[in-house]
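Data block below; observations after.
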Amino acid sequence: MTGSCLEKLLRAIGIFLSSVNSNRYLIEFLEVGGVLTLLEILGLEKIKEEDKKESIKLLQVIANSGRKYKELICENYGVRSIAECLAKSKSEETQEEAQVLLDSLVHGNPKYQNQVYKGLIALLPSASPKAQQLSLQTLRTAQSIVGTTHPSIVDCVLNVLCTMHLEVQYEAIELIKDLVNYEVCTALLQGLVHLLIPSVKTNKLQPKILNDSTVLQHTANLPVFLQQAAAAKAIGVLARANTSLAEEMLHLRVVHSLMAAMGNTDHSNSQRQASLTLEYFVQLFPLVEEHVRRSMGQKLYELFLNNPEDLYMKIDSIQADILAANKVNVTKALHFSGLSFSGRRLYLGLHDQEQLDHFTHPQADIEKKE
């Protein structure tokens, strides 16, 4: 059967399955193995993309006919077949139809909703940026339906941040914004902060004229630096949306890590994103402001305050080294100041000792009054 004939046949079947008296036709189609045939078409390499798209549309019609039909598709390894089609397809139209089908299968399908959810997570390492984007979008819906998170979702989402495609990065950060409301919040924040200091050596001490080996090293490190910049951006997004998350990240040494990222002269966007995020922490917490100013020195700190976004263009190699090798430890200061158990106190500067003593040793104040 030629591709054009198959396409016409699939469209004809679709007309019957979408008609007013479609229930009888649907039952007949399923009795002769219609679902298995459609799923098999998705896995055939020599089938045209248009034919695969028509097969997915028929599966959508079947899935939308009721819960038992969604279960029938899932029972026949439908999630795997559809997910593989989404990952491997060269047609964005086919990929979008596959996304619609997976979204349909996760709704009103309690028996197999977890299977769809896991299938979407499995799509995240896909080599197709479109597949990553669509799976991230659908995961947001699936996550709210499933309710609990799968342990692998943190690493999978963080790994997506190394993408060069901004539309994929955007969807990943949107999903991260949702995931911080679940039990993986701490692991997610720890992972983001960890990405700010990648386990690769930067080349800021290399000669300005790049030799071939340096160019190759830059190329090899690019995904890690893209991930570093995206992590800095995501941390800023989370901190601005929720002050409690900003406070929690202080205890993960986010200030130290952001300053280290600002010293990565191999990747200007890492410097830029880290600088913009650090600016928010400095503005929000006087305690952070004091530690950052002390670590940077007055001249560098003034440059930072004047224009954080363009700081990377104004610093020299010595200032970059100061940032990369900073020893800022706000967590230690919080611990010794007794701030680790009260978010309100993070907003106090170190100079406000009277207020700190009041919050840290309330019993002593009571005894003094007595």
Side-chain angles (χ1 to χ4, degrees), residues 158 161 188-206 221 224-240 243 245-337 339-340 346-350:
L158 292 180
L161 293 179
L188 200 53
L189 297 181
Q190 289 173 340
L192 286 169
V193 174
H194 179 73
L195 292 178
L196 293 174
I197 306 180
S199 55
V200 295
K201 292 182 179 179
T202 59
N203 299 312
K204 57 178 171 289
L205 299 180
Q206 294 279 345
N221 291 340
V224 177
F225 293 154
L226 289 169
Q227 194 176 31
Q228 179 189 45
K233 181 179 180 179
I235 288 170
V237 169
L238 294 177
R240 289 180 180 89
T243 305
L245 295 178
E247 293 171 4
E248 187 171 344
M249 285 187 280
L250 286 184
H251 294 281
L252 300 175
R253 296 199 69 190
V254 69
V255 176
H256 160 74
S257 300
L258 285 169
M259 290 180 66
M262 288 167 63
N264 180 11
T265 55
D266 285 336
H267 195 63
S268 60
N269 197 39
S270 287
Q271 294 178 288
R272 176 175 167 272
Q273 295 293 347
S275 188
L276 288 170
T277 297
L278 181 64
E279 178 192 28
Y280 178 74
F281 278 91
V282 166
Q283 291 173 343
L284 187 63
F285 304 117
L287 179 65
V288 172
E289 187 270 337
E290 293 187 27
H291 279 268
V292 171
R293 175 164 40 81
R294 189 182 308 149
S295 177
M296 286 186 178
Q298 194 60 35
K299 183 179 178 181
L300 179 55
Y301 184 70
E302 287 176 2
L303 279 175
F304 166 67
L305 279 188
N306 185 49
N307 193 343
E309 188 169 6
D310 294 338
L311 179 68
Y312 70 94
M313 294 189 290
K314 299 175 181 177
I315 60 174
D316 56 33
S317 60
I318 295 175
Q319 290 170 323
D321 284 341
I322 290 172
L323 291 168
N326 83 88
K327 303 297 182 184
V328 170
N329 192 343
V330 176
T331 307
K332 187 176 180 181
L334 294 175
H335 175 73
F336 283 115
S337 301
L339 304 183
S340 58
L346 297 172
Y347 300 93
L348 300 172
L350 291 177

Apply side chain to side chain contact (heavy atoms under 4.5 Å, CB included) to the pair L250 and L287, showing each step before the final yes or no.
CA-CA 10 Å; L250 286 184; L287 179 65; over 6 Å; no

side-chain hydrogen bond (donor to acceptor under 3.5 Å, both in side chains) assessment of H256 paired with N326
CA-CA 7 Å; H256 160 74; N326 83 88; 3.0 Å; yes

Evaluate side chain to side chain contact (heavy atoms under 4.5 Å, CB included) for K233 paired with T277, printing each intermediate quantity in order.
CA-CA 7 Å; K233 181 179 180 179; T277 297; 5.8 Å; no

Begin with the C-alpha distance, continue with both residues' side-chain angles, and end with the deciding distance and a verdict on side chain to side chain contact (heavy atoms under 4.5 Å, CB included) for H291 and V255.
CA-CA 9 Å; H291 279 268; V255 176; 6.0 Å; no

Evaluate L158 against L188 for side chain to side chain contact (heavy atoms under 4.5 Å, CB included), listing each step before the verdict.
CA-CA 8 Å; L158 292 180; L188 200 53; 4.1 Å; yes

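Here the CZ atom belonging to R240 is positioned 7.0 Å from the CG atom belonging to L276, to the nearest 0.5 angstrom. Considering CD of Q273 and CG of L258, their distance stands at 11.0 Å, rounded to 0.5 Å. Here I315 contributes atom CD1 and D321 contributes atom CG; the two are 9.5 Å apart, rounded to the nearest 0.5 Å. Here the CG atom belonging to L238 is positioned 12.0 Å from the OG1 atom belonging to T243, to the nearest 0.5 angstrom. With rounding to the nearest 0.5 Å, the separation of CG in L189 from NE2 in H194 is 14.5 Å. In this structure, OH in Y312 is found 9.5 Å from CG in N307, a value given to the nearest 0.5 Å.
Considering only residues two or more places apart in sequence or on other chains, H267 meets the side-chain contact (heavy atoms from CB on, under 4.5 Å) condition with L222, F225, L226, A229, N264, N269, S270. Shown here are the side-chain contact (heavy atoms from CB on, under 4.5 Å) partners of S275, two or more places apart in sequence or in another chain: M262, F304, P308, L311. Qualifying side-chain contact (heavy atoms from CB on, under 4.5 Å) partners for V193, counting only residues two or more places apart in sequence or in other chains: I235, L252, V254, S257. When the salt bridge (Lys or Arg N to Asp or Glu O under 4.0 Å) test is applied to R293, the partners found at least two apart in sequence or on another chain are E289. Legend: residues meeting side-chain contact (heavy atoms from CB on, under 4.5 Å) with A239, ordered by chain and number and at least two apart, are A246, M249, Y280, F281.
Of the possible polar contacts, one joining the Q319 side chain to the D316 backbone as a donor-acceptor pair under 3.5 Å is found. Under the 3.5 Å distance criterion, the side-chain polar atoms of Q228 are left unmatched by any main-chain donor or acceptor of L195.
Contact check for D266 versus N221: no side-chain heavy atoms found under the 4.5 Å cut-off. In this structure, the side chains of L323 and Q271 stay at 4.5 Å or more apart for every pair of heavy atoms.
In terms of heavy-atom proximity, I322 sits nearest to S295 at CG2-O, 3.8 Å. Residues V328 and R253 come closest through the heavy atom pair O-NH2, 2.6 Å.
Within the structure, every pair that satisfies the salt bridge (Lys or Arg N to Asp or Glu O under 4.0 Å) test and touches residues 267-282, not counting sequence neighbours, is listed here: R272-E309.
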